[in-house]
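What follows is a short report on a single structure.
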Amino acid sequence: MQFASRLDNVETSAIRELFKLLGTPGIISFAGGFPDSAMFDVEGLKEASAKALDEEPGAALQYGATEGYEPLRTQLAALMQGKGIEVAPSGLIVTTGSQQALDLLGKTLISPGDKVIVEGPTFLATIQCFRLYGAQVISAPIDAHGVKTDELEKLIAEHQPKFVYLIPTFGNPSGATLPLERRKKVLELAVKYQTLVVEDDPYGDLYFGEAPPPSIMALAKDVPGSRELIAYCGSLSKVLSPGLRIGWMIAPAELLAKATMCKQFSDAHTSTFAQATAAQYLKSGRMPDTLANVRKVYGERARTMGAALKRELGDAIEFTQPGGGLFFWARLTGANGKLADANVLAKKAIEQLVAFVPGAPFFAEKPDLATLRLSFATANLEKIEEGIARLGKAL
Ligand SMILES: Cc1ncc(COP(=O)(O)O)c(C=O)c1O
């Protein structure tokens with residue numbers, strides 16, 4: 001077969017190879033990026049889907065508008081307003097997961113050879129998706145508080161990117177949250193360099209203690225001229241259900257129109273049944289309890305994992321305790337002759353029946369081989385303790 005040349009830029013992820021081993025019996029996996037299936041509000045979703053079929057069977061089962069199902073757009077606009085983002089229902093489109101929003105951004109904005117700046121590390125599928133459209137993906141370094149804005153400025157000035165893509169709240173894989181001042185700085189940079197900034201925010205609602213700072217888009221009202229330079233991607237995947245495939249995008253009108261046109265050729269619209277179900281669910285008023293529950297359960301798991309890592313790996317590992325999201329991002333120090341290469345540790349860990357993802361593939365450039373990502377979302381407290389103890393033995 002002769003495949004399109006755009007595929008030359010993209011490899012299947014190294015992580016996939018590791019995932020093949022996850023079927024090994026008895027393995028405890030911290031490798032996935034999934035929420036816990038046991039946390040899904042099955043009752044609430046059953047009611048919502050039944051209501052969708054009872055009250056609006058025609059709409060829920062018929063073809064629908066590419067922009068999204070109106071009642072859901074209205075609910076999502078209200079959700080966003082609750083987070084300080086002023087948006088009308090017509091100012092957002094529903095996407096098939098936020099992954100599709102990223103794909104539409106790639107499709108509408110990237111010509112071969114264009115430069116895009118992302119965080120180093122960032123969400124692997126984003127790197128792959130942007131490369132598929134021919135982007136040169138440039139990595140802006142992060143610290144424990146997300147992207148370093150001075151470095152970001154230097155890179156923007158040097159490369160004049162088509163856009164900057166950030167996951168500023170409980171990043172994947174970094175777990176890091178950009179502080180208020182840096183968020184404002186990002187907005188100032190958008191204005192100063194007239195650069196579009198894409199804010200990907202699937203984890204913002206998943207905080208364990210204090211709420212994170214307002215989203216970059218919510219802060220745009222404080223920085224004149226910035227709102228028209230921000231695109232925002234949201235998702236119900238991590239808090240409600242990824243199988244619903246409900247995401248959304250808010251963007252300047254011109255960009256939203258082009259993205260809608262591309263979506264039309266891609267999947268015509270997001271499943272109307274899923275959209276009607278999501279709309280009923282949001283209308284039912286169950287979301288606050290669902291959020292309180294996931295915050296509590298994942299918060300306990302994150303605290304347990306942090307304490308176990310300290311106890312079992314000591315100075316062989318460094319990390320910042322995440323305040324939300326699904327991930328620990330950690331770095332092997334190599335102290336006392338322990339392993340400093342996460343790929344080597346990943347293989348040894350599998351022998352000990354515990355899995356995590358090495359960090360290198362999350363870097364678009366200059367991978368840091370000592371880094372790793374551990375998800376605390378899907379294992380219960382006992383499994384977390386046991387899994388981290390096994391990791392300690394693998395070191
Ligand atoms: C940062 C980030 N963006 C987007 C996605 C895609 O999520 P979905 O398409 O399920 O909304 C994920 C999923 O892991 C993610 O971590």
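Read the numbers this way: they start at 1 and go in the same order the structure lists the ligands and their atoms.
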Practice problem: Just let me know how R245 lines up against ligand 1, side chain, backbone, both or neither, with a heavy-atom cut-off below 4.0 Å. | Solution: side chain

Closest approach of any protein heavy atom to [atom], naming residue and atom:
atom: atom 10 (O) of ligand 1; value: S237 OG, 2.6 Å
atom: atom 6 (C) of ligand 1; value: S98 OG, 3.4 Å
atom: atom 12 (C) of ligand 1; value: F123 CZ, 3.4 Å

Practice problem: Salt-bridge test for E351 and K348: reply yes if a basic N is under 4.0 Å from a carboxylate O, no otherwise. | Solution: no

Run the numbers for me: atoms of ligand 1, each under 4.0 Å from some heavy atom of [X], listed by number.
X: I167; result: 1 (C)
X: S235; result: 8 (P), 11 (O)
X: D200; result: 1 (C), 2 (C), 3 (N), 4 (C)

Quiz prompt | More than 12 heavy atoms of other groups within 6.0 Å of K83 NZ | solution = yes

Practice problem: Count the heavy atoms of every other residue, nucleotide or ligand shown that sit under 6.0 Å from NZ of K148, and state whether that count exceeds 12. | Solution: yes

Self-check item: Heavy-atom side-chain contact between N172 and L326 under 4.5 Å
Solution: no

Quiz item: Would one find an N or O of T96, backbone or side chain, under 3.5 Å from an N or O of ligand 1?
Solution: no

Self-check item: N or O pair under 3.5 Å between K238 and ligand 1
Solution: yes

Self-check item: Check: D36/Y298 side-chain N/O donor and acceptor closer than 3.5 Å
Solution: no

Quiz item: Regarding Q136 and D114, is there a side-chain donor-to-acceptor distance under 3.5 Å anywhere?
Solution: no

Quiz item: Evaluating non-hydrogen atoms only, which member of F327, Y203, Y165 is closest to atom 15 (C) of ligand 1?
Solution: Y203

Quiz prompt | Contact check, P202 vs ligand 1, heavy-atom distance below 4.0 Å | solution = yes

Practice problem: Using the six-membered ring wherever Trp is involved, compare the ring planes of W329 and F363 and label them parallel, tilted or perpendicular (cut-offs 30° and 60°). | Solution: tilted

